[in-house]
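Read the structure below first, then the notes.
Counting begins at 1 with the first residue of the sequence. As the structure lists them, so they are numbered: ligands from 1, and atoms in each ligand from 1. If you're wondering where the values come from, they're calculated on a predicted model, not measured in any experiment.
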Amino acid sequence: MACIFCKIVAGEILHYTVYEDSQVIAFLDIFPKVEGHTVVIPKKHGATIFDFTSDEVGVVMQGVRNASMKVSDILKPDGFTIGLNHGEVAGQAVPHLHFHILPRWKGDGGGSMHSVVSTENMRDVREIAQLF
Ligand code: 5GP
Ligand code: ZN
């Protein structure tokens, strides 16, 4: 088994569990960007949301909610940034689906989702809408 997160599921790598149920485990990120930085993963291996059924993705989202509530209770942040680096181009280093929970505090200096990428010379939104 090469996948580092599958090794965490198997209990082969030391980790600090934040939340766990039969299908999901959430643990503290080993290289946190903020106190309480948590990673939520399905216990079943798969790289992206496209490798799971919509029901399975729903279960992972429930895990994200449950883990966030736990972090909220304990660390009392002012809010959260919750998201995933989905695919290598988006910065996904570990090819096992995972959501990041980043507790946020007023004045922490962090940005919003809108700071992730900003593209110039885009097609107009009306032109993109035609593709759908
Ligand atoms: P990615 O860049 O793939 O979205 O995020 C992977 C995250 O997993 C990173 O934030 C990284 O610090 C974390 N991570 C990688 N290996 C381990 C590990 O062995 N244990 C824990 N707890 N976190 C890890
Ligand atoms: Zn895996």
Side-chain angles (χ1 to χ4, degrees):
M1 185 202 306
C3 173
I4 197 148
F5 284 176
C6 282
K7 286 184 176 160
I8 285 178
V9 172
E12 293 170 9
I13 292 180
L14 175 71
H15 59 281
Y16 303 102
T17 302
V18 167
Y19 168 82
E20 183 169 10
D21 61 38
S22 61
Q23 295 176 76
V24 172
I25 183 165
F27 50 89
L28 294 176
D29 196 295
I30 203 71
F31 299 117
K33 299 301 289 183
V34 64
E35 287 182 9
H37 182 174
T38 297
V39 176
V40 186
I41 67 171
K43 289 186 174 177
K44 177 179 157 184
H45 181 84
T48 74
I49 55 172
F50 304 128
D51 296 317
F52 295 86
T53 67
S54 54
D55 281 351
E56 287 171 334
V57 173
V59 166
V60 179
M61 281 309 299
Q62 286 171 17
V64 169
R65 179 178 182 276
N66 292 333
S68 300
M69 286 179 80
K70 192 91 177 278
V71 174
S72 188
D73 282 350
I74 293 169
L75 294 175
K76 316 244 181 277
D78 298 316
F80 290 99
T81 295
I82 296 174
L84 67 166
N85 298 320
H86 195 264
E88 215 174 321
V89 71
Q92 184 177 5
V94 178
H96 182 130
L97 179 67
H98 56 282
F99 283 82
H100 292 262
I101 297 173
L102 294 155
R104 298 296 304 272
W105 281 271
K106 287 186 186 98
D108 65 14
S112 73
M113 283 293 173
H114 296 80
S115 61
V116 171
V117 67
S118 186
T119 310
E120 288 174 15
N121 303 319
M122 281 184 284
R123 285 179 283 174
D124 187 85
V125 68
R126 282 166 288 244
E127 194 181 333
I128 299 297
Q130 295 301 317
L131 304 174
F132 291 84

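Near N85, meaning under 4.0 Å from any of its heavy atoms, are these atoms of ligand 1: 1 (P), 2 (O), 4 (O). In the vicinity of Q92, heavy-atom distances shorter than 4.0 Å reach the ligand 1 atoms 3 (O).
Nearest to the Zn ion (ligand 2), among the N, O or S atoms that H96 has, is ND1. The N, O or S atom of H45 with the smallest distance to the Zn ion (ligand 2) is ND1.
Taking hydrophobic clusters as Ile, Leu, Val, Met, Phe, Trp and Tyr residues chained together by side-chain heavy-atom distances below 4.5 Å, I30 does not share a cluster with F5. Both Y16 and V24 are assigned to one and the same hydrophobic cluster, defined by single-linkage of ILVMFWY side chains at heavy-atom distances under 4.5 Å.
Atom 12 (O) of ligand 1 has D29 OD1, 2.5 Å as its closest protein atom, hydrogens excluded (heavy atom only). Protein heavy atom nearest atom 22 (N) of ligand 1, with residue, atom name and distance: L28 O, 2.9 Å. Ranking protein heavy atoms by distance to atom 8 (O) of ligand 1, first place goes to F5 CZ, 3.4 Å. Shortest contact from atom 6 (C) of ligand 1 to any protein heavy atom: H98 NE2, 3.4 Å.
Within the 4.0 Å heavy-atom criterion, neither part of Y16 lies near ligand 1. Heavy atoms of F99 found under 4.0 angstrom from ligand 1: none, in either backbone or side chain. Using a 4.0 Å cut-off between heavy atoms, K33 makes no contact with ligand 1 at all. Proximity of I8 to ligand 1, defined as any heavy-atom pair under 4.0 Å, is confined to the side chain (atoms from C-beta onward).
Of the polar atoms of I13, none of the N or O atoms is found under 3.5 Å from an N or O of ligand 1, judged by distance alone. Between F27 and ligand 1, no N or O atom pair is found at a separation short of 3.5 Å. Note: no N/O pair closer than 3.5 Å links H15 and ligand 1 by distance alone. At least one N or O atom of I30, backbone or side chain, sits closer than 3.5 Å to an N or O atom of ligand 1.
Between H100 and H98, a ring centre-to-centre spacing shorter than 6.0 Å is recorded. Close placement of the F50 and H86 rings is indicated, their centers lying within 6.0 Å of each other.
For the pair H45/C6, a side-chain contact is recorded, criterion being any heavy-atom separation below 4.5 Å from C-beta on.
For the pair K7 and ligand 1, no heavy-atom separation below 4.0 Å is found.
Closest to atom 3 (O) of ligand 1 by heavy atom, among A93, P95, A90, is A93.
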